[in-house]
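Below is one structure, written out as structure tokens; the observations come after it.
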Amino acid sequence: MVNNKYAIALVGYGGMGHFHAQHLIPNVEDIFLYGIYDIDPAKLEEAKENGYKAFQSFDELCADPAVDIVLVATPNDYHKEYVIGALRAGKAAISEKPVTLCSADLQEMIDAAHETGKLFTVHQNRRWDKDFRIARRIFDEGLLGEVHRIESRVHGSRGIPGDWRGQKQHGGGMVLDWGVHILDQMLQMVPGKVKSVYAHMEHVTNYEVDDGFEIVLHFESGLTALLEVGTSNFINLPRWYILGENGSAVINGFKADGRMVNITNWDNRDAVPVVTAAGLTKTMAPRTKETIHESPLPEAEPDIREYYQNIVAVLRGEAEQIVRHDELMRVMKVMEAAFEADRTGQIVYLNE
Ligand code: NAD
């Protein structure tokens with residue numbers, strides 16, 4: 001600690017490392033960014049220019065008694081060794097997502113946390129996304145009645161980035177990149193066990209790793225969740241599409257605009273058939289205005305500062321960590337089932 005503030009040492013001063021340094025850490029009292037280690041000497045120079053201690057090695061970082069928390073924001077394949085190294089050096093450890101590449105590696109990290117008694121958690125920051133919080137309110141408050149289907153999509157049109165994200169050895173691919181976010185969100189939102197997983201991975205611009213996917217989860221409750229990421233989508237589908245027994249909701253993009261449409265009168269079933277050139281349909285005829293009601297989405301104003309505030313409270317022994325080991329393991333197991341389903345072309349049944 002320095003001046004009664006918890007000192008954070010960052011490993012990996014790239015895109016997300018800078019985001020922590022500039023936007024996340026400075027906004028929370030009681031923590032500060034103390035020092036940085038990166039394998040790239042230019043990043044260490046930049047760290048010095050920005051007023052941080054530049055560690056020449058990870059060992060030097062671990063040997064510094066002032067460091068309380070090690071924050072790992074390297075490519076995904078290095079998370080495990082740095083987290084375990086930090087824990088064994090007596091530091092608390094925060095890993096960027098994905099926590100690591102497979103459940104066996106995660107188990108080693110959890111074991112190290114138990115052996116050392118030190119805090120180990122993951123930056124699952126998208127639990128604080130506005131679109132997710134709105135979806136969760138719709139679900140939790142039953143605004144559509146009982147929900148039977150949730151579709152969660154993230155679409156982009158830039159392909160997979162040309163860096164380590166396209167390389168298998170570094171834990172590239174969209175399942176490990178965005179998949180862990182949207183799986184974590186879905187498992188946070190929907191209670192009960194996942195019965196089965198089906199998945200198909202896309203390889204439009206990259207053959208080494210998936211550059212998009214669809215994963216279908218069937219919950220024991222009967223709810224179906226579709227999770228989809230695409231990187232070759234020049235027209236985006238809504239971020240969320242939620243179907244309940246009494247209505248539907250759409251949430252668009254990260255700005256999270258959208259609407260809900262609810263049934264007001266189930267008994268009024270009369271419909272004027274829709275006639276097209278080739279046929280006629282009563283089933284798909286639009287509802288008349290007096291039987292439905294359109295309303296705005298509920299509000300949500302999540303505060304991402306809660307993430308680091310929770311870390312401080314845990315270190316003081318005043319709270320439990322928000323992002324828990326069992327939650328991380330569950331996401332890893334579902335992710336592994338998705339890879340297996342893609343490989344075999346079969347539905348994978350889970351025994352949660
Ligand atoms: P990046 O490529 O921009 O930065 C990675 C940094 O790590 C670079 O500075 C690189 O020099 C350094 N590095 C590489 N190998 C290293 C090693 N062995 N030891 C020390 N430093 C090393 O990548 P990024 O976009 O910043 O992603 C970093 C991590 O953050 C990834 O795990 C990624 O999934 C995660 N991330 C999370 C979010 C989020 O919203 N939570 C967003 C983006 C990235």
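Keep in mind the model is a prediction, meaning the values are calculated, not measured. Each ligand, and each atom within it, is numbered from 1 in the order the structure gives.
Only one option out of R127, R133, R126 pairs with D129 in a salt bridge (charged side-chain N to carboxylate O under 4.0 Å, His left out); it is R126.
The protein residues lying under 4.0 angstrom from ligand 1, judged by non-hydrogen atoms, are V11, G12, Y13, G14, G15, M16, Y37, D38, I39, D40, K43, A73, T74, P75, N76, Y78, H79, Y82, E96, K97, P98, H123, N125, W164, R165, H181.
At least one cation-pi condition fails for R149 and F219: the charged atom is not both under 6.0 angstrom from the six-membered ring centre and inside a 45 degree cone around its axis. Remark: R137 is not positioned above the aromatic ring of W240, lacking an NZ or CZ atom under 6.0 angstrom from the ring centre and at most 45 degrees off the axis.
Contact of the I182 side chain with the R239 side chain is registered, since non-hydrogen atoms from C-beta on lie closer than 4.5 Å.
For R88 and E115, the salt-bridge test passes: some basic side-chain N is under 4.0 Å from an acidic carboxylate O.
Taking the six-membered ring wherever Trp is involved, the centroid distance between the rings of Y13 and H18 falls below 6.0 Å.
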